[in-house]
Amino acid sequence: MRRTHSCGDLRVSGAGSRALLMGWVHRRRDLGGVIFIHLRDRDGVTQIVFHADGEAKVHEKAELLRAEYVVAVEGTVRKRSPETINANIPTGEVELVAEKLWILNESRTPPFPMEETVDVSEDARLKYRYVDLRRPRMQRNIMLRSQVSFATREFLYSQGFLEIETPFLTRSTPEGARDYLVPSRNQQGCFYALPQSPQLFKQLLMVSGFEKYFQIVRCFRDEDLRADRQPEFTQIDIEMSFPQQVTVFEAIEPLLQRICAVAGYQIEIPFQRLTYAEAMRRYGVDKPDLRLPPFCPVEDLFPNAGLTAEGLPLVAIRIPKTGALTRKERDELKAYGAERGLRVYDDVKRLERDYPEQLAAVRERTGASEDDLLLIAGWPGAPKGQRPDENVYMACGQLRLFAGQKYNDRHKLLNPKDFRFLWVVDFPMFEWDEEENRWNAAHHPFTSVHDEDLEKLTTDPAHCRAKSYDVVLNGVELGSGSIRIHRRDVQSKVFEALGFSEEEARRRFGFLLEGLEYGAPPHGGIALGLDRLVMILAGENSIREVIPFPKTARGTDLMCDAPSAVPERQLRELGISLRKK
RNA sequence: GGGGACGUAGUUCAGUUGGUUAGAACGCCGGCCUGUCACGUCGGAGGUCGCGGGUUCGAGCCCCGUCGUCCCCGCCA
């Protein structure tokens, strides 16, 4: 017994020939004297017919079939008569007239239907994930993911990249996210850490002279979850020797173009580029969604009007084609802004009475037409912080996105198939840590600084720009990278700016620092979030929809019930005793 | 750690001001049915109203606690 075709294969051209199909009973229609089943495998669905006045024994056996039974059917492919053609399935012009039937396995009644017409709760789906994965949506998503992985490998190989693995059992480094720890049995009291990313290893592979590295690799971060964050997630990790920033861009853009093509979308390269400073000033975020228009500074048009604090921005936000808002809607926007310290002038008509010329200028500057929503927002109260302008812009950026998403039904600009890629460059080198009262690396401590800012490293860290970059798609941070520091003396200066002593730095990252002393080439790279990329290409709103076996928001696995307690014996072997609560 | 939404049949949901035996659709089981394709039709089974406590003559509904799922803030170099 050997499968000859898939359930998506058969066409009229095969009529009259024999075929043996294997798959799952998708649906059974028992009309008494004739039984139809839709047989499903991953390629499609084919109708099987069992006639009582044909192979009577086979028909009798077919009465036993139920949803999701696994069967093999052998028979003759028959062209359907015109009035019985099913235009909804690709194989709908033929059917298989069953002559033999094997029930390979029975199935309990599935906990929820295979149809997509019913939205099943996520807990049920996660508990019976193997069933959920059989449904068309997940089949599509996981197949897309596989295609994206393959396209990535194919493309990067063709460009001379080598796929190289790095350890999962590695050393905990104190910076960054919380580590997942793995206790060592041989060295009791010591722990491995699962990598937050292979960052240090890939840099050392450059020291080793491999020049072009990539890896599709799992990363682990023990932080709280979100719709786009899982404790384990997958990166397309890339590193190159002797690159300039633009070298990395020129490697990544065609890769993303190729990946999008696999998903059926044409995208233009090169991508738009924005500096971090521009992104903040025009969108109020470092990952702008370009499907909505940027906002405009208008403080120069209203000198001494008191609409915002002296020296702070006044921002005009345009949301296209929103039409008139109700009083309630305007109040909502106002309140949203107020929660972030903003004064939102939601009723532009009222401002227009006092400042007719200025408003005309605002309209011209923003390009606002009659049915666009125009909000003007300022911050009359003086904010605190390192970058007060940025605080205003950030609040406006949130307001822009809030309004844009709220009224998406009207302007329809947030089309999930409209892919707007963007590079954000020149991130600040450091950010101020309020709690610890010191500077932190904005990207990571091995990121190099712009040559012209090198001297400011210790004197003016706030204004040092890093050679780091993010690739952003529709408001989602897809990937992040940098040109690394390859010289030990520069690395020392950065540590100095971060307030690490040489000794402390050596304790934390000694193996990397030592590596840099043995002929490290200039190098840099990027890591792309594969889950997020596939999520967007699949049109999903959560990366759980593109991960076969994801965790819940609390980090548990509802299917296998992890994490779980372990027997005392296992703990003893590891030298671990649990503290009583 | 904080805020919000939700939890009723296998699934998706309804359940009025706290009132008598908790409903619907789909699914499931059985009968009938030879051209269906979300087959049709007749009948039937199926409930720890997440869990615990409280208020009350009486709780799916009100109160307190707790568990779980989702979203957001913090966090994620």
Side-chain angles (χ1 to χ4, degrees), chain A residues 26-40 45-54 56 59 63 66-68 78 80-89 91-92 95 97 108-128 131-132 173-179 196-197 199-200 219-231 233 339-340 398 402 405 427 429-431 433-436 439-447 466 468 477 480 482 494 498 500 508-509 527 529 541-542 544 550-556 558 561:
Chain A
H26 189 61
R27 195 171 272 283
R28 179 183 65 120
R29 291 177 295 278
D30 184 349
L31 276 63
V34 60
I35 297 171
F36 298 97
I37 66 167
H38 269 165
L39 189 68
R40 186 195 71 239
V45 169
T46 301
Q47 174 163 284
I48 317 287
V49 205
F50 301 89
H51 286 286
D53 54 13
H59 173 268
E63 287 175 343
R66 294 294 182 271
E68 301 306 307
R78 180 164 70 188
R80 299 202 205 179
S81 63
E83 71 279 9
T84 62
I85 286 173
N86 183 353
N88 298 321
I89 54 174
T91 61
E95 61 195 1
V97 183
R108 291 171 65 180
T109 301
F112 42 80
M114 291 302 126
E115 272 73 31
E116 276 183 354
T117 46
V118 183
D119 275 336
V120 181
S121 73
E122 212 171 332
D123 4 350
R125 293 177 54 204
L126 290 177
K127 180 167 182 195
Y128 299 97
V131 175
D132 184 42
T173 50
E175 294 282 300
R178 196 175 295 114
D179 284 321
Q196 298 172 25
S197 82
Q199 181 62 36
L200 303 183
C219 303
F220 306 86
R221 294 180 189 174
D222 187 6
E223 296 292 348
D224 287 342
L225 310 185
R226 290 285 189 284
D228 62 352
R229 276 164 32 190
Q230 282 274 302
F233 61 99
E339 282 167 27
R340 287 151 183 80
Q398 290 171 8
F402 177 74
Q405 284 166 354
F427 278 78
M429 190 75 183
F430 306 104
E431 54 196 27
D433 187 330
E434 292 279 350
E435 277 176 29
E436 309 235 341
W439 290 101
N440 260 334
H443 184 55
H444 57 62
F446 320 110
T447 303
S468 71
E477 182 195 319
S480 188
S482 65
V494 170
L498 288 169
F500 293 180
R508 293 180 177 202
F509 313 109
N541 289 316
S542 163
R544 289 188 302 275
K551 310 264 187 297
T552 68
R554 282 180 64 253
T556 64
L558 297 181
D561 200 23

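Protein chains get the first letters and strands the later ones, always in sequence-line order, with residue 1 at the start of each.
A:D53 comes within 4.0 angstrom of a base, heavy atoms only. Residue contacts for A:Q199: at a heavy-atom cut-off of 4.0 Å it reaches a base atom on one of the strands shown. Within the nucleic acid shown, A:T556 comes within 4.0 Å of sugar-phosphate atoms alone, with no base atom in reach, counting heavy atoms only. A:I89 comes within contact range of no nucleotide atom at all, as no heavy-atom separation falls under 4.0 Å. Among the heavy atoms of the strands lying under 4.0 Å from A:D123 are primed sugar atoms or P, OP1, OP2 only; no base atom is included. Within 4.0 Å of A:Q398, counting heavy atoms only, lies no atom of the nucleic acid at all. Within the nucleic acid shown, A:A124 has no heavy atom closer than 4.0 Å to any nucleic acid atom. Using a 4.0 Å heavy-atom criterion, one finds that A:E122 contacts the sugar-phosphate atoms exclusively. Residue-level contact check: A:T552 touches the backbone only, with heavy atoms under 4.0 Å from sugar-phosphate atoms and none from bases. Using a 4.0 Å heavy-atom criterion, one finds that A:P111 contacts the sugar-phosphate atoms exclusively.
Across B:G50 and B:G58, the matching C1' atoms stand 23 Å from one another, rounded to whole Å. Annotation: B:C64 and B:G10 have their C1' atoms spaced 33 Å apart (nearest Å). Comparing B:G18 with B:G60, their P atoms are spaced 13 Å from each other, to the whole Å. Using atom C1' as the reference point in both B:G44 and B:C49, the two lie 23 Å apart (nearest Å). Comparing the same atom, C1', in B:G4 and in B:U20 gives a spacing of 37 Å after rounding to whole Å. Atom C1' of B:C75 sits at a distance of 46 Å from the matching atom of B:C28, rounded to the whole Å. Taking atom P in both B:G27 and B:U11, one finds a spacing of 15 Å when rounded to whole Å. To the nearest whole angstrom, the two C1' atoms, one in B:C26 and one in B:A45, are 16 Å apart.
Donor-acceptor pairing under 3.5 Å, judged by distance alone, is absent between the side chain of A:R28 and the base of B:U36. A donor-acceptor contact under 3.5 Å links the side chain of A:R78 to the base of B:G35. For B:C75, the base has a donor-acceptor partner in the side chain of A:R229 [N/O atoms by modelled type, under 3.5 angstrom]. Below the 3.5 angstrom threshold, one finds a donor paired with an acceptor across the side chain of A:R226 and the base of B:G74. For a distance-only test at 3.5 Å, the side chain of A:E223 fails to qualify as a donor-acceptor partner of the base of B:G74. Put simply, the side chain of A:D224 and the base of B:G74 share a donor and an acceptor less than 3.5 Å apart.
A:Q196 and A:D179 share a side-chain donor-acceptor pair at under 3.5 Å.
Residues passing the side-chain hydrogen bond (donor to acceptor under 3.5 Å, both in side chains) test with A:R28: none are found, sequence neighbours excluded. For the ring pair (Phe, Tyr, Trp, His ring centres under 6.0 Å) test, residues two or more places apart in sequence or in another chain that qualify with A:H444 are A:F446.
In this structure B:G19 sits in a base pair with B:C57, meeting the Watson-Crick or G-U test at under 3.5 Å. Base pairing analysis places B:A5 opposite B:U69; the two distances defining the Watson-Crick or G-U wobble pair are each below 3.5 Å. With a 3.5 Å ceiling on both atom-pair distances, the Watson-Crick or G-U wobble partner of B:A24 is B:U12. Base pairing of B:G43: its partner is B:C29, meeting the Watson-Crick or G-U wobble criterion (both donor-acceptor distances under 3.5 Å). Searching all strands for a Watson-Crick or G-U wobble partner of B:C37 with both distances below 3.5 Å returns nothing.
In terms of heavy-atom proximity, A:H59 sits nearest to A:V34 at NE2-N, 4.0 Å. Residues A:V45 and A:I89 approach most closely at O-CD1, 4.0 Å, considering heavy atoms.
You'll find that the side chain of A:V120 is closest to B:U11, out of B:U11, B:C33, B:C70. The side chain of A:N86 approaches B:C37 more closely than any other nucleotide in the set B:U34, B:C37, B:U69. Comparing B:U11, B:G35, B:G30 by their closest approach to the side chain of A:R66 singles out B:G30. The A:R554 side chain lies nearest to B:U69 when the options are B:U34, B:G27, B:U69. Checking B:C72, B:U34, B:G35 against the side-chain heavy atoms of A:V49 singles out B:G35 as nearest.
In this structure, A:E339 places its CD atom 19 Å from P of B:G2, rounding to the nearest Å. As rounded to whole Å, 15 Å separates atom C1' of B:C33 from atom NE2 of A:H51. What separates CG of A:D119 from P of B:G10 is a distance of 20 Å, to the nearest Å. Atom CZ in A:R125 sits about 14 Å away from atom P in B:U11, given to the nearest Å. In this structure, A:L39 atom CG and B:U36 atom C1' are separated by 16 Å, rounded to whole Å. The CZ atom of A:R27 sits 7 Å away from the P atom of B:G27 (whole-angstrom rounding). Atom CZ in A:F50 sits roughly 15 Å away from atom C1' in B:G35 (whole-Å rounding). The nearest whole Å value for the distance from the CG atom in A:N88 to the C1' atom in B:U36 is 13 Å.
The shortest distance between the side-chain N/O atoms of A:R544 and the OP1/OP2 oxygens of B:C71 is below 4.0 Å. In terms of phosphate contacts, A:S121 brings a side-chain nitrogen or oxygen within less than 4.0 Å of OP1 or OP2 of B:U12. Contact annotation: A:R29 side-chain N/O to B:C39 OP1/OP2 distance is under 4.0 Å.
Using modelled atom types, no side-chain atom of A:E95 and backbone atom of A:R80 make a donor-acceptor pair closer than 3.5 Å.
Nearer to the 5' terminus of RNA chain B, by closest-nucleotide assignment, is the contact made by A:E95 (compared with the other of A:E95 and A:Q196).
The pair A:R544-A:E122 counts as a salt bridge, with a side-chain nitrogen and a carboxylate oxygen less than 4.0 angstrom apart.
A:R221 has its side chain within reach of A:F233: a pair of non-hydrogen atoms, C-beta onward, lies under 4.5 Å apart.
Of the inter-residue distances, the one linking A:F500 atom CZ with A:R508 atom CZ reads 4.0 Å to the nearest 0.5 angstrom.
Shown here is A:Y128, whose OH atom has no more than 12 heavy atoms of other residues, nucleotides or ligands within 6.0 Å.
By the 5.5 Å and 30° criteria, A:F112 is not stacked with the base of B:U11.
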